[in-house]
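In what follows, every heavy atom counts, from backbone to side chain, and hydrogens, waters and symmetry copies are set aside.
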Amino acid sequence: EVGGFKLAVQGCWDVDVGSPSANVTVVVVMAMNRDGTVVPGSISLQSATGGEGRAVDTAFLRARRAIYECQRDGYDLPDDRYDLWAQIELTFNPKDMRIR
């Protein structure tokens with residue numbers, strides 16, 4: 001279920017390999033609507049490692065953009081399991097992307 005969500009977001013995530021932000025791992029949290037769309041304004045930075053300042057800001061902005069750009073009409077998530085994905089934490093790691 002959430003694997004498809006992860007793949008969708010990962011497909012829109014753009015990492016600028018030559019930028020200092022390419023070394024930054026950010027963890028973002030967000031609230032989801034029942035229709036699979038992100039609650040506007042709910043994406044926030046929970047933590048960051050591997051950089052500071054502008055590099056962290058850039059990594060977070062790229063992660064947030066990927067989430068919004070890929071949602072289109074809503075992510076395909078099972079309505080009957082909404083309680084499991086109403087709040088999502090995503091880790092954007094340039095080497096690997098995980099979701100919980």
Novice: Could you pull out the closest heavy-atom pair between A22 and V17, with the gap in Å?
Specialist: CB-O, 3.7 Å
Novice: Report yes or no: do M32 and V39 belong to one cluster of Ile/Leu/Val/Met/Phe/Trp/Tyr joined by side chain heavy-atom distances under 4.5 Å?
Specialist: no
Novice: Working to the nearest 0.5 Å, report the span between CZ of R64 and CZ of R62.
Specialist: 13.0 Å
Novice: Which heavy atom of A55 sits nearest to which heavy atom of S21, and what is that distance?
Specialist: O-CB, 3.3 Å
Novice: Do the side chains of Y82 and I88 join up, straight or via other hydrophobic residues, at under 4.5 Å, putting them in one cluster?
Specialist: yes
Novice: First locate atom CZ of R72, then atom SG of C12, and finally report the distance between them rounded to the nearest 0.5 Å.
Specialist: 5.5 Å
Novice: I need the minimum non-hydrogen distance between T37 and G74, along with the two atoms involved.
Specialist: CG2-CA, 3.6 Å
Novice: Any idea which heavy atoms bring Y75 and A8 closest together, and the distance?
Specialist: CE2-CB, 3.9 Å
Novice: Would F5 and W85 count as a close aromatic pair, with their ring centres under 6.0 Å?
Specialist: no
Novice: Compare all side-chain heavy atoms of E89 with those of Q46 and state whether any distance is below 4.5 angstrom.
Specialist: yes
Novice: Report the distance from atom CD of Q10 to atom CG of L90, rounding to the nearest 0.5 Å.
Specialist: 10.0 Å
Novice: Where do A66 and V9 come nearest, in terms of heavy atoms and distance?
Specialist: CB-O, 4.0 Å
Novice: For the residue pair T91 and N93, confirm or rule out a side-chain donor-acceptor distance under 3.5 Å.
Specialist: no
Novice: Can you confirm whether V24 sits close enough to F60 that some side-chain heavy atom of one is under 4.5 Å from a side-chain heavy atom of the other?
Specialist: no
Novice: What do you reckon, is CG of D83 surrounded by more than 12 foreign heavy atoms closer than 6.0 Å?
Specialist: yes
Novice: Under 4.5 Å between any side-chain heavy atoms of V56 and L45, yes or no?
Specialist: yes
Novice: Atom CD in Q71, atom CG in N33: separation rounded to 0.5 Å?
Specialist: 8.5 Å
Novice: If you define the side chain from C-beta out and look only at heavy atoms, does anything of F92 sit under 4.5 Å from T25?
Specialist: no
Novice: From L77 CG over to D80 CG, what is the distance, rounded to the nearest 0.5 angstrom?
Specialist: 11.0 Å
Novice: Quick one: closest heavy-atom pair of A31 and S42, and the distance?
Specialist: N-OG, 3.0 Å
